[in-house]
Each structure stands twice: as C-alpha cells, then as structure tokens.
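Single-structure report; data block below.
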2 protein chains.
Amino acid sequence: MTEKAQKYSKKEQIVWKSIGIFRKQGYFKTSIADLSEACGIHKAHFYYYFKDKEHLLEECLTTVKKIFDKKIFILAYQEKPLKERLHEIEAAIKNIFLKYEGGCIMANSVLETAHYNPQFIPIIQSFFDAWMQALTHLYTEKYQPATALAKAEQAVQDIEGGIILMRLYKDDRFFLKALKRAKQVIY
Amino acid sequence: MTEKAQKYSKKEQIVWKSIGIFRKQGYFKTSIADLSEACGIHKAHFYYYFKDKEHLLEECLTTVKKIFDKKIFILAYQEKPLKERLHEIEAAIKNIFLKYEGGCIMANSVLETAHYNPQFIPIIQSFFDAWMQALTHLYTEKYQPATALAKAEQAVQDIEGGIILMRLYKDDRFFLKALKRAKQVIY
DNA sequence: GTCTATATGCGGATAGAC
DNA sequence: GTCTATCCGCATATAGAC
C-alpha cells in the first residue's frame with residue numbers, strides 16, 4: 001500500500017539520477033560511487049538493484065527513449081493543425097535540452113560506447129528512428145515522402161550538431177537556431 | 001643527420017597513433033597501456049615523452065587543428081573560382097572522415113571532457129571557429145555576411161550530426177548528404 | 001533492504017638500473 | 001632512450017552480517 005503511494009520506486013529514482021549524471025560526466029568517467037552518493041545509497045547497495053554498470057546504462061537509455069516517445073514524438077501524430085503540432089514538438093524539445101546540461105545522452109553514448117559496447121546501438125537507433133519518423137510525418141504534409149525524410153534527417157543532424165556547439169561555446173543559440181530551422185521547413 | 005632524415009619523430013608518431021585510438025575508443029576508455037602497445041613502446045616509456053595523459057590529448061587536439069588548417073580550411077582562401085574551392089574542401093573533408101573510423105575527435109572530446117577537463121575547450125573552439133570561418137568566407141560571395149555565417153553554422157552542425165548518425169547506423173549516407181547540402185548552399 | 005568489510009584487478013604514474 | 005620493478009589509488013564487484 002505505502003509502496004504503491006510512492007510515485008517512483010527506488011530503482012526508478014536511481015535511473016533518473018543516473019541519466020542526469022551520465023549525460024553531464026559521461027559513462028566511463030562516472031563511477032558507481034558517484035551514482036550511489038548522488039542517490040543517497042551505499043556503494044555496495046547499488047548491486048542490489050542492478051547487475052552492473054552496463055545494465056544501468058541500458059535502463060537509462062530505454063527510459064529516455066520511452067520518455068521521448070510519450071512526451072515528445074507523440075505530439076507529431078495528434079489530431080491538430082500541422083503548425084500547432086510542429087510548434088508543440090519544438091517547444092518540448094527546447095524545454096528538455098535547455099533544462100538539463102550535458103547535451104543528448106543518446107548521442108553521447110554513441111561516441112563513448114560504439115566501439116566497446118555495441119549492445120547499446122539498437123536502443124539508440126530506435127530513438128533516432130522515432131525522432132526522424134515523427135518529423136518525416138510532419139513534413140510529409142507539405143513534401144513528397146522522400147523529400148520529407150531527407151529534411152527530417154537534416155533537421156535532426158542540425159539539432160544534434162547544435163547541441164554539441166551549445167555545450168562547446170556555452171551558448172544556446174546554436175541549438176535554438178537549429179530548432180527554428182526545423183520549424184521553418186514548413187512555414 | 002639520420003634523425004633529420006626521418007619524416008616524423010617518435011613523439012609525433014605517438015601523437016598520430018593516439019589520435020586514431022582516442023577517436024575510436026574515446027579518451028577515458030583508452031589506457032596508457034593501449035597507446036604504448038599500439039606504438040610499440042613500453043608503458044613506462046610513455047612518460048618520457050609526455051607528462052601525463054591529459055598533455056597527450058592536448059597535443060592530439062592541437063595537431064588535428066593544425067592539420068585541418070593546413071590541409072582543409074586553407075582551401076577556402078585560394079585564388080580560384082568559388083565552386084572549385086567549394087568542391088575541393090568538400091572532397092578533403094569527405095576524404096578525412098571516411099578514411100578513419102571513430103568520427104570527429106573534436107566533437108567526441110567535447111562530450112567526454114567538457115565537464116572535468118575544461119582546458120581543452122579553447123582548442124576545440126578554435127577548430128570550429130576556423131571551420132565556420134572558412135565556410136562563411138565561401139558563402140559570403142553569394143550571401144550577406146550574417147546569412148553566410150548562419151548557413152556556415154548550419155552546415156557544420158549538419159555535418160557533425162551526420163558523422164554521429166554515420167557511426168550509429170554504420171551508414172556513410174548521413175554524412176555524405178550533409179556534405180552535399182553544404183555545397184548546395186552555393187549551387 | 002541496508003550496511004561493513006573486503007577481494008581483486010586495473011590504470012596512472014614514478015624510481016632507478018642499464 | 002629504453003626497460004624492470006613497483007607504488008598507489010580507485011573502481012568494479014562480492015560476501016555476508018544485521
């Protein structure tokens with residue numbers, strides 16, 4: 001009873017905290033001690049919840065994918081005018097990447113783990129698949145499918161590049177201008 | 001005499017090898033043992049050439065910056081027709097990123113070291129400054145300076161995002177299409 | 001579920017012989 | 001310049017008491 005009243009389980013809380021820390025510090029540079037301390041649990045107790053660090057990252061990535069599906073990508077498929085959906089999706093993406101520092105954990109994880117831990121690749125691919133599909137869906141209302149897909153790819157690449165430059169120069173504008181361009185594909 | 005006949009010093013060779021390994025494996029996941037072994041020197045001997053791992057990465061990044069200045073960005077300022085310069089710079093960038101796996105060491109290093117090792121930020125910034133300046137120079141022949149700069153930023157972001165997706169999907173096309181778009185800004 | 005203690009190995013770095 | 005030996009600290013992970 002009291003357990004169900006809690007919004008998130010302890011395990012979920014660890015995943016949330018870890019997402020934030022991995023994004024800022026990177027995967028390999030983050031120790032179990034860092035994570036445990038931030039979560040207010042003892043180092044050894046971490047292994048009560050997760051088999052190892054890799055399994056934690058996996059849960060982090062699938063969680064992020066679910067959040068984006070549920071909160072952002074879904075906005076593209078609503079029964080609303082095109083421009084409204086486009087505006088909502090832009091606002092949601094802006095919100096999430098400006099709120100937390102460290103950029104995009106999906107892109108970061110590609111670069112850190114592609115060589116040694118290819119098991120994360122499919123999860124990260126599914127994230128970018130869903131993102132590009134959502135934008136393609138929107139752009140298809142004005143362009144041929146092939147053109148819409150190309151513009152969606154360009155938009156995602158532009159935004160991800162913008163996130164890197166935002167972090168490098170500590171300047172939001174690279175990211176914000178990319179978002180604006182993604183919207184201006186339509187109007 | 002025999003020393004001067006060698007094209008690269010041992011120290012330079014280590015830097016070259018390390019650039020390739022850092023790019024593929026990442027900075028933190030790469031050990032001194034990895035680097036030494038790949039260079040055919042003994043682990044302890046590494047410290048004869050470099051104070052520590054951070055100083056090695058610094059030399060790697062400044063070396064990459066110099067190479068891009070000398071081999072790529074300079075192409076934008078030649079006494080040649082605009083389209084020719086644009087084509088040469090595209091070919092040079094394509095060449096370098098397709099030849100070696102692991103993507104862009106500059107972008108990778110931002111994500112890995114921005115939080116703990118901000119000392120690398122200025123070097124990486126100077127790299128992207130030079131790249132965007134070269135493209136802005138080209139685009140200014142057809143657009144107003146402010147527009148040219150915005151298009152240069154977009155092109156660089158698009159290409160960097162494309163490099164990430166190229167690695168994620170093991171598919172050159174994301175990167176190649178971004179390069180093509182950077183050229184089509186002009187013609 | 002939570003803590004103490006600890007095993008174990010690896011990575012960065014140094015000292016010093018040759 | 002190159003190698004041997006070694007120190008130290010940290011990080012992952014486990015065993016087991018409470």
Side-chain angles (χ1 to χ4, degrees), chain A residues 1-61 108-109 112-113 115-117 119-120, chain B residues 1-61 108-109 112-113 115-117 119-120:
Chain A
M1 276 307 226
T2 50
E3 299 249 336
K4 285 206 170 180
Q6 288 191 314
K7 194 164 183 188
Y8 297 110
S9 70
K10 192 81 196 174
K11 185 171 177 177
E12 284 171 315
Q13 286 177 39
I14 296 173
V15 170
W16 290 119
K17 274 275 183 195
S18 300
I19 290 168
I21 295 172
F22 280 145
R23 198 177 41 224
K24 271 196 300 193
Q25 307 187 355
Y27 174 69
F28 290 116
K29 187 65 185 171
T30 299
S31 67
I32 308 293
D34 289 339
L35 300 169
S36 307
E37 197 177 339
C39 295
I41 63 170
H42 280 72
K43 210 175 90 176
H45 195 43
F46 170 88
Y47 294 92
Y48 171 75
Y49 294 109
F50 301 95
K51 186 177 175 289
D52 53 30
K53 201 176 153 189
E54 288 190 9
H55 282 77
L56 171 64
L57 180 59
E58 194 173 319
E59 287 224 28
C60 288
L61 294 177
N108 299 0
S109 296
E112 273 203 282
T113 70
H115 186 256
Y116 279 106
N117 312 83
Q119 72 266 36
F120 302 127
Chain B
M1 275 307 228
T2 51
E3 299 248 339
K4 282 205 171 182
Q6 289 192 311
K7 193 163 183 189
Y8 298 110
S9 69
K10 191 82 196 172
K11 185 171 177 176
E12 283 172 315
Q13 287 177 39
I14 296 174
V15 170
W16 289 118
K17 274 275 183 194
S18 301
I19 290 168
I21 296 173
F22 281 146
R23 199 179 39 224
K24 272 197 299 192
Q25 308 187 355
Y27 174 68
F28 290 115
K29 188 65 186 172
T30 299
S31 68
I32 307 295
D34 289 338
L35 300 169
S36 307
E37 198 177 338
C39 296
I41 62 169
H42 280 72
K43 208 176 96 175
H45 195 45
F46 170 89
Y47 294 94
Y48 171 75
Y49 295 108
F50 302 95
K51 186 177 174 289
D52 54 29
K53 202 177 156 190
E54 289 190 8
H55 281 77
L56 170 64
L57 180 60
E58 193 173 319
E59 288 223 27
C60 289
L61 295 177
N108 299 359
S109 297
E112 274 203 282
T113 69
H115 186 256
Y116 279 106
N117 311 82
Q119 72 266 35
F120 302 126

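- As rounded to whole Å, 15 Å separates atom C1' of C/dA13 from atom CZ of B/F50.
- Contact between B/C39 and B/K17 at its shortest, heavy atoms only, is SG-CB, 3.7 Å.
- With A/Q25 as the partner, the side chain to side chain contact (heavy atoms under 4.5 Å, CB included) test is satisfied by one option alone out of A/D34, A/N108, A/L35: A/D34.
- One atom, CD1 of A/I32, and another, P of D/dT12, lie 5 Å apart when rounded to the nearest Å.
- Between the B/K53 side chain and the B/T30 main chain, a donor and an acceptor come within less than 3.5 Å of each other.
- In this structure, A/E37 atom CD and D/dC10 atom P are separated by 13 Å, rounded to whole Å.
- To the nearest angstrom, C1' of C/dG16 lies 15 Å from NE2 of B/H45.
- Between D/dA11, C/dT14, D/dA15, one nucleotide has an atom nearer to the side chain of B/A44 than all others, and that is C/dT14.
- The aromatic rings of B/F120 and B/Y27 lie perpendicular to each other, with more than 60° between the two planes, well past the 30° mark.
- Remark: P of C/dG11 and OH of B/Y27 are 14 Å apart, rounded to the nearest angstrom.
- Looking at heavy-atom distances under 4.0 Å, A/T30 makes contact with sugar-phosphate atoms alone, never a base.
- The residue A/K43 sits close to a base: some heavy atom pair falls under 4.0 Å.
- Using a 4.0 Å cut-off, no side-chain N or O of A/Y47 falls inside it from OP1 or OP2 of D/dT14.
- The side chain of A/H42 places an N or O atom within less than 4.0 Å of a non-bridging phosphate oxygen (OP1 or OP2) of C/dC3.
- Rounded to whole Å, the distance from OH on A/Y49 to P on C/dC3 is 9 Å.
- When distances run from any side-chain atom of A/Y48 to the nucleotides D/dT12, C/dG12, C/dG1, the shortest one goes to C/dG1.
- Atom CD1 of B/I14 is separated from atom C1' of D/dG1 by 12 Å (rounded to the nearest Å).
- Following rounding to the nearest Å, B/E54 (CD) and C/dA13 (P) show an atom-to-atom distance of 8 Å.
- Between the side chain of B/K10 and the backbone N or O of B/Y49 there is no donor-acceptor pair closer than 3.5 Å.
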